[in-house]
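Counting starts at 1 for both ligands and their atoms, in listed order.
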Amino acid sequence: MKKQRFVICGLSLRGIYHFVLPLIGKNTDGGPNFTNQAELVGILDIDQKRVEEFQKKLGLQIPSYRADAVNQMIKETRPDVLIAVGPDVTHCEYIVAGLEAGCDVISEKPMVINSEQVRRVQAAEKKSGRTVRVAHNYRYGPIPKALKRLILNGKLGRIINIEFTYNLDTCHGSSYFYRWNRDRTMSGGLSIHKCCHHFDLINWLVGDVPAELCAFGGLNYYGANGLLRPRDAHGQPLSPAEEKRKCRVFQKFYTDRLDPESSEMSTGWDGLKLPYDVQYPPEKRRYIYDDAIQIEDTYNAIVRYQGGATMSYSCNFCTPWEGYILAINGTEGRIEVSHRTDSDPTGKMSSAPEIGLITFYPLFRGKEVIEVPPVAGGHGGADFLIRDDLILGPSAESKELQLVCGSEAGANAIAMGEAVWRSIQEHRSISIPGLLAGKY
Ligand SMILES: NC(=O)c1ccc[n+]([C@@H]2O[C@H](COP(=O)([O-])OP(=O)(O)OC[C@H]3O[C@@H](n4cnc5c(N)ncnc54)[C@H](O)[C@@H]3O)[C@@H](O)[C@H]2O)c1
């Protein structure tokens, strides 16, 4: 069998641990390697030192390219598949270049960062006849799969409305506010970067497409005026080091790991300890109360679907536990799930995932509790399955449950996220098809 040739655009943490190591036969996450079916033939990144260090540490000699050399990389390495897994803003250019050169594309979520970029990707996809698949891994979790089965089996009847709350804890939630993700020009803001996971999950579960969305929200905990920000007796900000010493987020998660006097910040778990100096210049201080933060950390939205169902959605990036509370009401009954997904960020406690419990309440009978055992692997077991699908092709289960996410579903999740921040800014509801068509 001919091996599929892959190139990667963005030697990110996600790129390394989810795609690159399994492709080169050095997987560390407990999942399989793919060296018999695939090979990595090119690496592109803006940070050449990072790539060199990576290759040196692993004894590799894979051709590497600068950020502006995607066409050269494709010409010289002749890939079948291009993986876009750098900061979200970089996806569009690399996806389009890959499609125009005749490659299939895998993009990390969000596919791109706004509806204008969606149109560029979809035009290139249509013209090329190749495909874009988006790594919406939440669909692949054991609980979402069980919910999808219940819905496909008609247990709920016609879906009427959805109640969905997703909370990010003080460690995970705050982490977005010192990494590139805090910048709307890099990530589209968290209503796209993070909430696209949640929107795609619900769109896929209910099997419908969003029609209209209206939202409220804001920046409450983080940023220059963040309510968590420690201040002096006169209400003025403290010196950078003092601010960290007094900051409850820093005290809880970083005191024993980072020096408050330095500009160093935790940029995510990286066993290889690679430099990140282009993206995060060491001399530049970054913290969760910086003036540069202009995105929101709290959202409430109401969504109307084309088939008539509605959803109330809430997301908060500073809560005591991480996970979600989801209920879906239909003409035959209601399903409810409350699930904690947080691992212990300090690494001091067991981070074993909790067993999932779905409660099904038929409209006129007693309740049924469905136990969903935890599954090994990142993001609640979803990551192994989606990677198999993306690299080897969809499994029978993936086809049955429609797990593979294409550009249309990727686009709807992005448009909902864009509609959220636009609705907050403009105090009006936003048409999702209108936004996607550029009639905004
Ligand atoms: N599906 C999931 O659960 C999941 C989880 C984590 C991250 N992600 C996604 O994966 C992607 C990477 O996120 P991350 O946090 O691992 O990234 P990261 O911050 O670890 O790495 C970003 C990499 O991109 C490089 N880079 C920056 N600008 C570039 C450019 N213009 N061209 C090429 N390379 C450039 C940086 O040097 C760095 O190597 C994002 O799209 C993110 O949304 C998805």
Heavy-atom contact under 4.0 Å between [X] and ligand 1?
| X | value |
| --- | --- |
| Tyr138 | no |
| Pro87 | yes |
| His91 | yes |

Is [X] in polar range of ligand 1, meaning some N or O pair under 3.5 Å apart?
| X | value |
| --- | --- |
| Asp47 | no |
| Asn181 | no |
| Ala67 | no |
| Asp45 | yes |
| Tyr280 | no |
| Leu11 | yes |
| Val85 | no |

> Between the candidates Thr90, Asp88, Leu13, which shows the shortest non-hydrogen contact distance to atom 40 (C) of ligand 1?
Replying inline: Asp88
> Which residue supplies the protein heavy atom nearest to atom 13 (O) of ligand 1, what is that atom called, and how far is it?
Replying inline: Trp180 CZ2, 3.7 Å
>> I need the nearest protein heavy-atom contact for atom 10 (O) of ligand 1: residue, atom name and distance, please.
In response: Glu108 CG, 3.4 Å
> So do the side chains of Leu228 and Ser174 get within less than 4.5 Å of each other, counting heavy atoms only?
Replying inline: no
>> Between Glu296 and Phe317, is there a side-chain heavy-atom distance shorter than 4.5 Å?
In response: no
>> Check for me whether the distance between the ring centres of Tyr176 and His172 falls short of 6.0 Å.
In response: yes
> Any chance the rings of Phe199 and Tyr313 have centres within less than 6.0 Å?
Replying inline: yes
>> So if I count the atoms of ligand 1 from 1 in the order they appear, which ones are less than 4.0 Å from some heavy atom of Leu44?
In response: 33 (C)
>> How close do Ile113 and Ser187 get, counting heavy atoms only, and between which atoms?
In response: CG2-C, 3.6 Å
>> Applying salt bridge (Lys or Arg N to Asp or Glu O under 4.0 Å) to Lys49 and Asp277, what does each step give before you reach the verdict?
In response: CA-CA 8 Å; Lys49 197 170 133 215; Asp277 297 352; 2.9 Å; yes
